[in-house]
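Structure first, then comments.
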Amino acid sequence: IMKKITFLFTFISFLTFAKAQDFHYGIFATPNLSSMKIGSDLYINSDIDNCSKSMFLGLSIGAFAEYSFGEHIGIQLDLAYSQYGYNLKLEQDNSFNISEDNVMSTLFSGEEKTRFSDVDMTFIFKYYLFDKRLALDLGVRPAFMTSVSRDLMSENVIKYNGTVMEQNSVDTTFNLKKGKEFNVFSLSAVGGITYYMTQGFFVETRYVFGMTDVFVKEVGRFDNNDDYVIEEINQLSKNRMLQFGIGWRF
């Protein structure tokens, strides 16, 4: 009985201390608008001139713990599951005259959607303003990839005098391999603003700036003993993500 009373007293004391020191915890959800800075060999058919890149819509959900040391300074730790990626689209339209009245045209269109899923921790330094109604956030985001998948869609249409003579479509999805095609660990810098609308409800926006490459590729070379070896090197592939989120803290 004394052990239970001691445990209960310690637990209540901890909660009282945490509350007195302005400790909070809570949950959040953020839509992610993401893209990626990538090298030329990651574009469809390595054709940058005819290939366009667009934003990818994903989601982050997680929990956090926040501790403030006074009127202006605080720290926060987030733990989240996040989805992000990038989209590529390629269109090539060629037409030529077989004769004066006969025209042959070929239209090739391709799309690639690459999706990432990870578990990430974000360490945030917070600077509070306006009686803690607003916080400037700055921190780092180590992340551990759980999966990378890619959808490839292509269509090839051949027309003769405006009539479709042949049409081929391909739609495939495959998963990339950890450590062989992409790095398991990535690191990003994070900056943003949090506005506390009430003691519990808040809105926030953040920008995630990837500092490490996500993809790797195999490169063969001859070593000093004239043996052919294969090495895995990083490809230019740094994540860029804009987040707009809501949350509740207790």
Side-chain angles (χ1 to χ4, degrees), residues 31-60 82-118 143 145 147-184 186 188-189 207-221 230-244:
N32 303 324
L33 285 175
S34 60
S35 185
M36 183 170 285
K37 184 178 181 181
I38 58 178
S40 59
D41 48 353
L42 285 174
Y43 281 84
I44 300 176
N45 293 341
S46 297
D47 193 338
I48 298 179
D49 293 335
N50 296 324
C51 195
S52 61
K53 185 169 61 172
S54 60
M55 304 289 283
F56 180 94
L57 179 61
L59 178 69
S60 291
S82 299
Q83 301 170 329
Y84 51 96
Y86 65 92
N87 300 321
L88 295 175
K89 188 173 183 179
L90 172 67
E91 287 192 358
Q92 293 179 330
D93 191 356
N94 300 311
S95 61
F96 52 92
N97 295 329
I98 298 178
S99 63
E100 185 176 347
D101 298 322
N102 298 318
V103 179
M104 179 77 75
S105 65
T106 61
L107 172 63
F108 174 81
S109 60
E111 289 187 56
E112 176 187 306
K113 295 182 179 180
T114 303
R115 299 184 301 272
F116 307 93
S117 297
D118 70 29
M145 295 282 184
S147 66
V148 179
S149 61
R150 182 170 289 162
D151 294 336
L152 296 177
M153 294 154 283
S154 63
E155 184 176 33
N156 192 32
V157 180
I158 299 176
K159 293 183 179 181
Y160 180 70
N161 291 339
T163 302
V164 176
M165 304 300 295
E166 184 178 346
Q167 183 173 353
N168 298 310
S169 298
V170 177
D171 188 352
T172 57
T173 299
F174 58 93
N175 297 318
L176 277 65
K177 298 178 181 178
K178 296 180 182 179
K180 190 174 183 65
E181 295 173 289
F182 69 93
N183 290 311
V184 176
S186 64
S188 304
Y207 183 70
V208 179
F209 184 87
M211 297 184 293
T212 56
D213 294 312
V214 175
F215 290 116
V216 297
K217 65 179 178 179
E218 292 184 341
V219 175
R221 68 175 181 86
I230 296 178
E231 295 179 336
E232 293 179 354
I233 64 172
N234 288 341
Q235 293 178 274
L236 176 59
S237 50
K238 292 181 171 61
N239 183 42
R240 304 288 188 264
M241 182 162 57
L242 186 61
Q243 298 179 313
F244 302 94

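Both backbone and side-chain heavy atoms feed into the values below; hydrogens, waters and symmetry mates do not. The first residue of the sequence shown is numbered 1, and numbering continues consecutively from there.
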Is any side-chain heavy atom of Lys37 closer than 4.5 Å to one of Arg240? yes

Set of salt bridge (charged side-chain N to carboxylate O under 4.0 Å, His left out) partners for Lys180, sequence neighbours left out: Glu218

Roughly how far apart are Lys113 NZ and Ser149 OG, rounded to 0.5 Å? 11.5 Å

Name all residues meeting the side-chain contact (heavy atoms from CB on, under 4.5 Å) criterion together with Ser54; count only those two or more places apart in sequence or in a different chain, and write none if there are none. Asn87

Do Tyr43 and Glu112 come close enough that some side-chain heavy atom pair is under 4.5 Å? no

Side chain to side chain contact (heavy atoms under 4.5 Å, CB included) between Phe182 and Met145, intermediate numbers included: CA-CA 9 Å; Phe182 69 93; Met145 295 282 184; 3.5 Å; yes

Answer yes or no: is there a side-chain heavy-atom contact under 4.5 Å between Leu57 and Asn32? no

Report the residues that fulfil side chain to side chain donor-acceptor pair (under 3.5 Å) with Asn156, sequence neighbours left out, ordered by chain and then residue number. none

Which residues share a salt bridge (charged side-chain N to carboxylate O under 4.0 Å, His left out) with Arg115, sequence neighbours left out: Asp151

Does Ser188 reach the main-chain N or O of Val208 with its side chain, forming a donor-acceptor pair under 3.5 Å? no

With sequence neighbours left out, what residues match Ile158 under side-chain contact (heavy atoms from CB on, under 4.5 Å)? Met104, Thr106, Glu166

Please test Ser34 against Asn239 for side chain to side chain contact (heavy atoms under 4.5 Å, CB included), starting from the C-alpha separation and ending with a verdict. CA-CA 7 Å; Ser34 60; Asn239 183 42; 4.2 Å; yes

Holding to salt bridge (charged side-chain N to carboxylate O under 4.0 Å, His left out), I want the full list of residues that pass it with Asp41, two or more places apart in sequence or in another chain. Lys217

So do the side chains of Asn234 and Asn183 get within less than 4.5 Å of each other, counting heavy atoms only? yes

Pairing residues for Phe116 by the ring-ring contact (aromatic ring centres under 6.0 Å, His included) criterion, not counting sequence neighbours: Tyr84, Phe215

Ser82: side chain to side chain donor-acceptor pair (under 3.5 Å) partners, not counting sequence neighbours: Ser60, Asp120

Can you list the residues that meet the side-chain contact (heavy atoms from CB on, under 4.5 Å) rule with Glu91, with sequence neighbours excluded? Lys89, Ser109

For Ser147, side-chain contact (heavy atoms from CB on, under 4.5 Å) partners two or more places apart: Ser117

What's the separation between atom CE in Met55 and atom CE in Met36, rounded to the nearest 0.5 Å? 11.5 Å

Going through the checks in order, is the side-chain hydrogen bond (donor to acceptor under 3.5 Å, both in side chains) test met by Arg150 and Thr114? CA-CA 4 Å; Arg150 182 170 289 162; Thr114 303; 3.1 Å; yes

Could you report the tightest heavy-atom contact between Thr212 and Ser186, atom names first, then the distance? OG1-CA, 3.3 Å

State, with a plain yes or no, whether a side-chain heavy atom of Ser237 is found less than 4.5 Å away from one of Leu42. yes

Counterpart residues, salt bridge (charged side-chain N to carboxylate O under 4.0 Å, His left out), relative to Lys238 (two or more places apart): Asp213

Heavy-atom distance under 4.5 Å between the side chains of Thr172 and Val170, does that happen here? yes

